[in-house]
Amino acid sequence: MSLLSIIVPCYNEQEVLELFYHEICEESDKLSKSGVSIELLFIDDGSRDETLRIARELSQKDKRVRFISFSRNFGKEAAIFAGLEHCKGDYIAIMDADLQDPPSLLAEMYRAVTTEGFDAAATRRVNRTGEPPIRSFFARQYYKIIRMISKTEFVDGARDFRLFTRQVADAILKLPEYNRFTKGINEWVGFKTRWIEYENVQRAAGNTKWSFWGLFLYSLEGITAFSTVPLAFSALMGICFCFVALFFVCFIIFRTLMYGDPVSGWPSLAVIILFVNGVQMFCLGILGQYLAKTYLETKRRPQYLIRETESTTACSNANHAVKEL
Ligand code: UDP
Ligand code: MG
C-alpha cells in the first residue's frame, strides 16, 4: 500500500474545512481500491477563526489527519513548504482547502505518476469564470509579461494543485529561498509533468484571502525571483537616454552657432528634467526591488514557526490526564 500525503494550506477556512474533509474521505475510499492510503496534512497558517480547532478535532477522531499550526500568518508559500518538509507520503499532493481544486481529479493525477511514467501531474484551469473581470484581466497580462521576460516556462491558469513523487518534493525542498513563488519553482525543478485541464470551480464557501494589493506584491515576487530582465531593461533605458541627450547637445550647438542663443525654452527644459527624473526613480525602484529581496534572503530567517502540531496536542492531552489521575 503506498501513502499519498495531501498538503492543505488553510487560512481562516472554518466554513469549508469539514466539507473538504468529507469530500477527501469519499475520494480516499475510491483511491484505496487502487492500493493507496492517504495522509491529510492541514497547515493552519495562523488562522484567527475556528480552523485550528476543527483541524485538531479531525486529527483526534481520524488518525489519517495531521496538522501543523503556525505561530502567525506566514503565507501560503510558507505553508506549502512546511507541508513538504513534514509529510511522510511516497506521493504528495498540494490542494487548496476551498474545494476550488476538485478532489475528483486526484485519481487521474495519481494514475499519471504511478502508471503513465510521469513524475508530476499538474492542473490548469481553462477559464476564470466567476472571478472578478479586472483580476482576470491583470492576471492574463501578467502571464504574458512574465513569459516574455523569464526563461522559466509559466503556464497561464496553472494552479498550485499538483501531485508528484517524493523525488520531486525533495527537489523542491532543495530550493530554500525565502521569497518563494511556487508556480515558478515547480517549473524550475523540471521533471516530466502531465497537465490536466479543468473548468474553473468557485469557492465552496468563505472568501478569497487575496486582496488586489496582495496579489500585486505577490506578482512582483514572481518577477524578481525568476527574471533579471527588468534590471537589464533599466540599463538599456539609461543608454537610450544618453543617446537622446547626445543628439540634443549636437542640435543645440548647431542651432547656437547658426542663430545665436536667445534665452527661451525653460518650460521644455523643466519638462525634460521632470521626465528624466521620473525615469531615474523608476530604474532606482527596480534596483531597489532586487536589493530588498536580496536583503531578505541574506537574513536567512525561517520560512515559518510552528506553535502546535497533532503530536504536541496529544502530549499535552496525556499530561492533563496524568495530572487528573
Ligand atoms: N492561504 C494560506 N495562507 C494565506 C492565504 C491563503 O494558507 O495567507 C490558503 C487558503 O486557506 C486556501 C489557499 O491558500 O486554502 C488559496 O487561497 P484562496 O482560496 O484565498 O486564493 P484564491 O483561490 O482566491 O486565489
Ligand atoms: Mg481559492
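Whatever order the structure lists them in is the order used to number ligands and atoms, beginning at 1.
Test Asp101, Thr182, Asn200 against Arg159 for side chain to side chain donor-acceptor pair (under 3.5 Å) and you get one pass: Asp101. Of the options Arg64, Arg66, Arg56, Lys63, a salt bridge (Lys or Arg N to Asp or Glu O under 4.0 Å) to Glu310 is made by Arg66 and by none of the others. Evaluated for a side-chain contact (heavy atoms from CB on, under 4.5 Å) with Met95, the options Leu106, Leu105, Leu40 yield exactly one hit, Leu106.
For a threshold of 3.5 Å applied to N or O pairs, the pair formed by Pro9 and ligand 1 contains at least one separation below that value. For the pair Ala79 and ligand 1, the shortest N or O to N or O distance does not fall below 3.5 Å.
Using a 4.0 Å cut-off between charged nitrogen and carboxylate oxygen, Arg203 and Glu13 count as a salt-bridge pair. Between Arg147 and Asp156 there is no salt bridge, since no side-chain N of the basic residue sits under 4.0 Å from a carboxylate O of the acidic one. Taking 4.0 Å as the cut-off between side-chain N and carboxylate O, Glu108 and Arg111 do not count as a salt-bridged pair. Between Lys209 and Asp45 there is no salt bridge, since none of the side-chain N atoms of the basic residue sits less than 4.0 Å from a carboxylate O of the acidic one.
Taking backbone and side-chain atoms together, Asp96 has no N/O/S atom less than 2.8 Å away from the Mg ion (ligand 2). Distances from the Mg ion (ligand 2) show that Gln100 has an N/O/S atom below 2.8 Å.
For atom 16 (C) of ligand 1, the nearest non-hydrogen atom of the protein is Asp96 OD2, 3.3 Å. In terms of protein heavy-atom proximity, atom 21 (O) of ligand 1 is closest to Trp210 CD1, 3.1 Å. Summary of contacts: the protein heavy atom closest to atom 23 (O) of ligand 1 is Gln100 OE1, 2.7 Å. When hydrogens are left out, the protein atom nearest atom 3 (N) of ligand 1 is Asp45 OD2, 2.6 Å; that is the closest non-hydrogen contact. In terms of protein heavy atoms, atom 1 (N) of ligand 1 is closest to Tyr11 CB, 3.8 Å. In terms of protein heavy-atom proximity, atom 25 (O) of ligand 1 is nearest to Arg135 NH2, 3.1 Å. Nearest protein heavy-atom contact of atom 14 (O) of ligand 1 is Lys76 CD, 3.3 Å. Among all non-hydrogen protein atoms, the one lying nearest atom 24 (O) of ligand 1 is Thr208 OG1, 2.6 Å.
For Arg162 and Trp195, the positive end sits near the middle of the six-membered ring, less than 6.0 Å away and at most 45° from its axis.
Ligand-side atoms of ligand 1 in range of Asp98: 19 (O), 23 (O), range being under 4.0 angstrom from any heavy atom. Listed by number with element, the atoms of ligand 1 under 4.0 Å from a non-hydrogen atom of Gly75 are 3 (N), 8 (O). Shown in contact with Cys10 at under 4.0 Å from a heavy atom are these atoms of ligand 1, numbered in order with element: 7 (O), 11 (O).
Counting only residues at least two apart or on different chains, the ring pair (Phe, Tyr, Trp, His ring centres under 6.0 Å) pairs with a member in residues 31-84 are Phe70-Phe74, Phe70-Tyr304.
A tilted orientation is assigned to the rings of Tyr218 and Trp210, their planes being inclined by 30° to 60°.
Ranked by closest heavy atom to atom 8 (O) of ligand 1, the top entry among Val16, Asn73, Asp44 is Asn73. Nearest to atom 11 (O) of ligand 1 by heavy atom, out of Arg159, Lys209, Glu13, Gln202, is Glu13.
For Phe191 and Phe164, the ring centers sit 6.0 Å or farther from each other.
Restricting Asp98 to its N/O/S atoms, the shortest distance to the Mg ion (ligand 2) is reached by OD2.
Counted by atom type alone, Tyr198 and Ser104 present zero donor-acceptor pairs between their side chains at under 3.5 Å.
Look at Arg203 and you'll find a heavy atom under 4.0 Å from some atom of ligand 1.
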